[in-house]
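Beneath this line is the structure, given in structure tokens, with notes to follow.
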Amino acid sequence: MRISVSSDMDEPVARALVAELRGRGHDVVPHGALRPGADARWAVCSETAAREVADGTSEQAVVCCWTGTGASIAANKVPGVRAALCTDAATAEGARRWNDANVLALGLRLTSEPLLREILDAWFAAEPSEDPEDRGNVLHVDRLDRGGRGGRAGDDAAP
């Protein structure tokens with residue numbers, strides 16, 4: 001799988017993330033502080049990685065900043081991206097299952113290397129739910145991305 005990875009800081013856990021993903025056989029596309037000469041501002045590098053998911057260049061992305069909050073906010077501004085800030089394996093598994101998240105956001109401050117591996121294990125093991133309610137929620141978010149109001153199918157035209 002091709003995975004875009006961004007970090008605003010060249011921290012040990014960010015480097016461990018890239019190494020772990022490559023060790024799992026993924027094609028990693030680094031951004032921000034992980035790519036010499038790239039813009040390392042969290043808003044910029046997170047957007048860059050998220051846009052690669054939205055345009056299909058990458059299948060998924062992992063965006064990082066000190067808390068993970070800014071990276072997730074920036075990524076979620078890109079239409080078609082569902083970024084989830086995950087601080088543990090259960091949250092990562094749920095984000096993939098119930099939210100069909102396609103971008104994982106991580107905080108560099110609190111994520112240790114063992115926790116990183118647990119989060120990645122859960123993220124990659126989970127599959128998006130086929131439950132109609134879960135799919136309906138994801139479709140609701142997709143309508144919001146397109147400027148709709150969410151609601152039920154066809155409600156997008158409402159003022």
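Nothing here was measured: the structure is a model prediction, and the numbers come from that model. If you read the sequence from its start, that first residue is 1, and numbering goes on from there.
- Side-chain contact between T111 and L17: absent, with no pair of heavy atoms (C-beta onward) separated by less than 4.5 Å.
- Contacts classified as salt bridge (charged side-chain N to carboxylate O under 4.0 Å, His left out) and involving residues 74-84 (residues at least two apart or in different chains) are given here: R82-D100, R82-D142.
- No path of Ile, Leu, Val, Met, Phe, Trp and Tyr side chains, each step under 4.5 Å between heavy atoms, connects L120 with L110, placing them in separate hydrophobic clusters.
- Across V62, V63, V5, T67, a single residue satisfies side-chain contact (heavy atoms from CB on, under 4.5 Å) together with L106, and that is V62.
- A pairwise comparison of heavy atoms in G32 and A38 identifies O-CB, 3.6 Å as the closest pair.
- Hydrophobic clustering (side-chain heavy atoms under 4.5 Å, transitive across Ile, Leu, Val, Met, Phe, Trp, Tyr) keeps M9 apart from W42.
- Distance alone, capped at 3.5 Å, places no donor-acceptor pair between the N76 side chain and the A84 backbone.
- When the salt bridge (Lys or Arg N to Asp or Glu O under 4.0 Å) test is applied to R2, the partners found at least two apart in sequence or on another chain are D27.
- Follow the hydrophobic side-chain contacts under 4.5 Å out from V78 and you never reach V44; the two are in separate clusters.
- Separation of atoms CG (N99) and CG (D134) is listed at 8.5 Å; rounding is to 0.5 Å.
- Every residue meeting the side chain to side chain contact (heavy atoms under 4.5 Å, CB included) condition with A61, not counting sequence neighbours, appears here in chain and number order: S4, A49, V53, V103.
- The line from CD of E93 to SG of C86 is 10.5 Å long, rounded to the nearest 0.5 Å.
- Scanning both residues, A16 and L116, for their nearest heavy atoms gives C-CD2, 4.0 Å.
- For the side chain to side chain contact (heavy atoms under 4.5 Å, CB included) test, residues two or more places apart in sequence or in another chain that qualify with E130 are R135.
- Qualifying salt bridge (Lys or Arg N to Asp or Glu O under 4.0 Å) partners for D88, counting only residues two or more places apart in sequence or in other chains: none.
- Contacts classified as ring pair (Phe, Tyr, Trp, His ring centres under 6.0 Å) and involving residues 55-93 (residues at least two apart or in different chains) are not found.
- Taking every heavy atom of both residues into account, A122 and A89 meet most closely at CB-O, 3.2 Å.
- Applying the salt bridge (charged side-chain N to carboxylate O under 4.0 Å, His left out) test to pairs two or more places apart or on separate chains, those with a residue in residues 46-75 are E47-R51.
- Pairing each heavy atom of A40 with each of C45, the nearest pair is O-SG, 4.0 Å.
- Not counting sequence neighbours, E11 has no partner by the salt bridge (Lys or Arg N to Asp or Glu O under 4.0 Å) test.
- Qualifying salt bridge (Lys or Arg N to Asp or Glu O under 4.0 Å) partners for D10, counting only residues two or more places apart in sequence or in other chains: R15.
- Atoms OG and NE2, from S58 and H31 in turn, are 6.5 Å apart once rounded to the nearest 0.5 Å.
- With hydrogens and angles ignored, the 3.5 Å screen pairs no side-chain donor or acceptor of S46 with any backbone N or O of A43.
- The side-chain heavy atoms of D8 and L108, taken from C-beta on, include a pair separated by under 4.5 Å.
- Linking ILVMFWY residues whenever their side-chain heavy atoms come closer than 4.5 Å, directly or via other members, leaves V138 and V81 in distinct clusters.
- Counting heavy atoms from C-beta on, the side chains of R96 and P128 come closer than 4.5 Å.
- Interatomic distance, H140 NE2 to D145 CG, rounded to the nearest 0.5 Å: 11.0 Å.
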Side chain to side chain contact (heavy atoms under 4.5 Å, CB included) assessment of L115 paired with T87
CA-CA 8 Å; L115 179 58; T87 57; 5.9 Å; no

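- Listed by first and then second residue, the salt bridge (charged side-chain N to carboxylate O under 4.0 Å, His left out) pairs that reach into residues 111-129 are R24-D121, sequence neighbours excluded.
- The CG atom of L85 lies 8.5 Å from the CG atom of L104; values are rounded to the nearest 0.5 Å.
- Within the structure, no pair that satisfies the ring pair (Phe, Tyr, Trp, His ring centres under 6.0 Å) test touches residues 79-116, not counting sequence neighbours.
- Within the structure, ring pair (Phe, Tyr, Trp, His ring centres under 6.0 Å) contacts touching residues 116-139 (residues at least two apart or in different chains) are H26-F124.
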